[in-house]
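Single-structure report; data block below.
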Amino acid sequence: MAGSDLAKYPFLNEAGAYLRESNFGWEELDRPDMKHIIDRAAERIEIEVNGKIYDNLERYEIEILTFLISLVIVKSISIEQVLRKFALAEARRAEKFLTEDLRKQSEIKRRSVFTKIFEDLFKLRILISEDQRLFKVRVIDYLARASHFNEQEWKLINRLVHNGYVYLDADETVRLIRNELAVLIYDKVRAMTLPTLPQGIKSRADELRLKFLPRYERRASAAVTDYPPCIKHALEVMNKGDNLPHSARVMLATYMLAIGKPVDEIVSMFENAPDFNEKITRYQVEHLAGMKGSHTKYSVPSCDKLRNENLCFATAECDTLINPIQFGRKKK
Amino acid sequence: MRENLFAAKNISVIKKAFREYYFNQSKAIEEPLKMEQREFGFAHFGQAGMLRHLSFKSMKELDAMLVREAPSDVYCSNAYYRIPTQQPMQEKQWLGADLIFDIDGKDLGMPCVPSHSYSVCINCGYGSPPEKHKERSSYSCPSCGCKKADYVSIPCSKCIDGSKKEARRLVDFLLGDIGLEHSAIHVYFSGNNGFHVHINDDAFISLDPQARSDLVGYLSGTGLMLESIGLRKTNTEDLFSIKLPKSGLAFGWRRRIAERLKIDMASAIKLKNIVNQNGGYNAFKVELDRLARDMGVRIDPQVTTDVHRVFRMPGTLNSKSGLSKTKSSDLNSFDPFVDACLLGDGKVSVKVKTPVKLKLKRNSFNVSKESAEMPTYAAVYLMCKGLAEAN
């Protein structure tokens, strides 16, 4: 693996091997020439926590150290949301380099980078399509990843699928592993045990922590102003005394629980059901609330699931939603 | 509700027939892969609910239980667990689950159903032939005046052909699009009015419910975007532009839709006209949605996405009919009323609730008298349907 690859992908095991071979020790971080690297690391974290990608790229000796120090500082800041944002932005940074590499480099070169990152780290085998224009991954590998993406365009039905493979372009192929890259970086920070930090790093970490802390203090909860169309439809059916399928009843009850309606009120919503039995309904609502049985609190089914079950009656206002619970919410 | 169908006399006749089947035909019951990691469940005649969270180490142990108890229904989990008997569910330690699809004849909206649906009063059990109560809303029991009835369908060959058509379509999707091997796809008659398709491929075992739901969406034609076939909405209301996808229209859903609309990569203008003829972007979106669902497979999404479900075990009897859940290696020649009708033919005397027609094991039964003597397999079928009682 070339040095330029390590600069772009410092999370690879080879980068760690480089640090070990160069006999790197924590005490070196107090050296004056390290200030530049610590500054870069702090800048990188600040930009990334603000939702942007840090796209500055230097030679690999500097990049590997900057990445390591960023991890140390994020660990030391110890705010969960900061870690999550940093991990996601780092994944998107790597995604950007990977996409560029894929588009530009010769086939042999791009295969080797791919094999390394996709196959070694994420057990994802990428093949080149028969006409050499696209990449292809097995349907099963695609589903395991993309089914967790929210955008409709990632649903399998909106992909080119043939003979067990999903065909993707370079950007899409790399997008598939963004979450796994983020998890890899997240886990790296989580697994770290920090030594006593050199003063130069500790003070930068404390500074950043003070800056980020107020942002992530508990946010005010949101209020529901209107029911989403799927819930409205279920309520209409119920009020007419028509039969509502079990899955729609689960949707209605979990939704009402999620917006904080008391169990009594929810039970009374089912009074018009042709087979209403107060005792059974109460048990079932309490079960969904996690008060009975396995004590698992059930969440509101996703828009995806409701679409599959023909319970979705989306209107224009539903456009960007992935769960009915997001409908009509406004921040106080 | 079902337990009411089984009056004490009926139970003893049906149980005897089921027990005889499990004693003589134990080889018909398929041993599930990794049996020791499965959860089993049973239902018993005349009892509500299901007994779950059971485990069997060997078929010998299971067979002995089936003969001893003669349960009404036998279920086995699609899931593999480290400790299948543990409760609550999350403590079973889920290891994976087979991928299974359910095609239920009653969900296909077959037009023939009213012509073979018998009404049975929920209050007094009085049975009426299909032509009597075609309008369900106007039902009134001729015996007690009750307004509610159970409708019991005796599926006809058209119903079975409808389910077979869906099963074939599913198999085509699984082979051509999803890339499964023929040998990994096992089609079973459900034992009443539909088919279960079991997938035997380790790669699918670890899929979570969301991934299974995405797959269900693909197979059933749900959520297809106009953008997939090259339509792009512009910012102005209902205006659109066309840019056919660079990767072509040759495969998967794009091929299906392109074939249906008779378009190809040179048809940008034709596509534009089709959309306009349908009333613009939004109206065509509704039309495409209808088209895709029509071309997709009608599978029950709940069943496939549930990774903790117990399924009727292949080779066991279905208490809704007395027929067996039977593997079909060739759907064209498979006849459930012959191939899955495996109970004995000793004579049983029954009292039918309504004149009834049925054909089992190639024998036609046209029972018009109240009392009749018929082979066990036919008598049990009618009793399971709630249309007859043991004399």
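All chains are named by letter (A, B, ...) in the order of the sequence lines, taking the proteins before the strands, and each is independently numbered beginning at 1.
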To the nearest 0.5 Å, how far apart are [atom1] in [X] and [atom2] in [Y]?
X        : Y        : atom1 : atom2 : answer
A:His162 : B:Ile178 : NE2   : CD1   : 12.0 Å
A:Ile140 : B:Asp202 : CD1   : CG    : 10.5 Å
B:Asp214 : A:Leu156 : CG    : CG    : 5.5 Å
A:Leu160 : B:Lys246 : CG    : NZ    : 13.5 Å
A:His246 : B:Gln302 : NE2   : CD    : 7.0 Å
A:Arg159 : B:Ser228 : CZ    : OG    : 7.5 Å

Crowded around [X] [atom1]? As in, over 12 foreign heavy atoms under 6.0 Å?
X        : atom1 : value
A:Glu317 : CD    : no
B:Glu181 : CD    : no
A:Arg138 : CZ    : no
A:Lys96  : NZ    : yes
A:Arg92  : CZ    : no

Of the backbone (N, CA, C, O) and the side chain (C-beta and beyond), which part of A:Thr296 lies under 4.5 Å from a heavy atom of chain B, both, or neither?
side chain

Residues at least two apart in sequence or cross-chain that pass salt bridge (Lys or Arg N to Asp or Glu O under 4.0 Å) with B:Lys92, listed by chain then number, are none

Can you tell which part of [X] gets under 4.5 Å to a heavy atom of chain A, answering side chain, backbone, both or neither?
X        : result
B:Met225 : both
B:Leu249 : neither
B:Gln90  : side chain
B:Arg212 : neither

I need the residue from [options] with the largest number of non-hydrogen atom pairs under 4.5 Å to chain A.
options                      : value
B:Gly252, B:Pro88, B:Ala203  : B:Ala203
B:Leu175, B:Asp177, B:Leu174 : B:Asp177
B:Arg255, B:Arg293, B:Glu91  : B:Arg293

Listing, residues 204-211 of chain B side-chain donor-acceptor contacts under 3.5 Å, not counting sequence neighbours, or none:
from, atom 1, to, atom 2, distance (Å)
B:Asp208, OD1, B:Gln210, N, 3.2
B:Asp208, OD1, B:Ala211, N, 2.8
B:Asp208, OD2, A:His148, NE2, 2.7
B:Gln210, OE1, A:His148, ND1, 3.4
B:Gln210, NE2, A:Ser147, O, 3.2

How close do [X] and [Y] get, heavy atom to heavy atom, and via which atoms?
X        : Y        : answer
A:Gln152 : B:Gly223 : NE2-O, 3.0 Å
B:Ser247 : A:Leu134 : CB-CD1, 3.7 Å
B:Tyr218 : A:Val161 : OH-CB, 3.5 Å
A:Arg307 : B:Thr222 : O-CG2, 3.7 Å

If you define the side chain from C-beta out and look only at heavy atoms, does anything of B:Glu227 sit under 4.5 Å from A:Asn158?
no

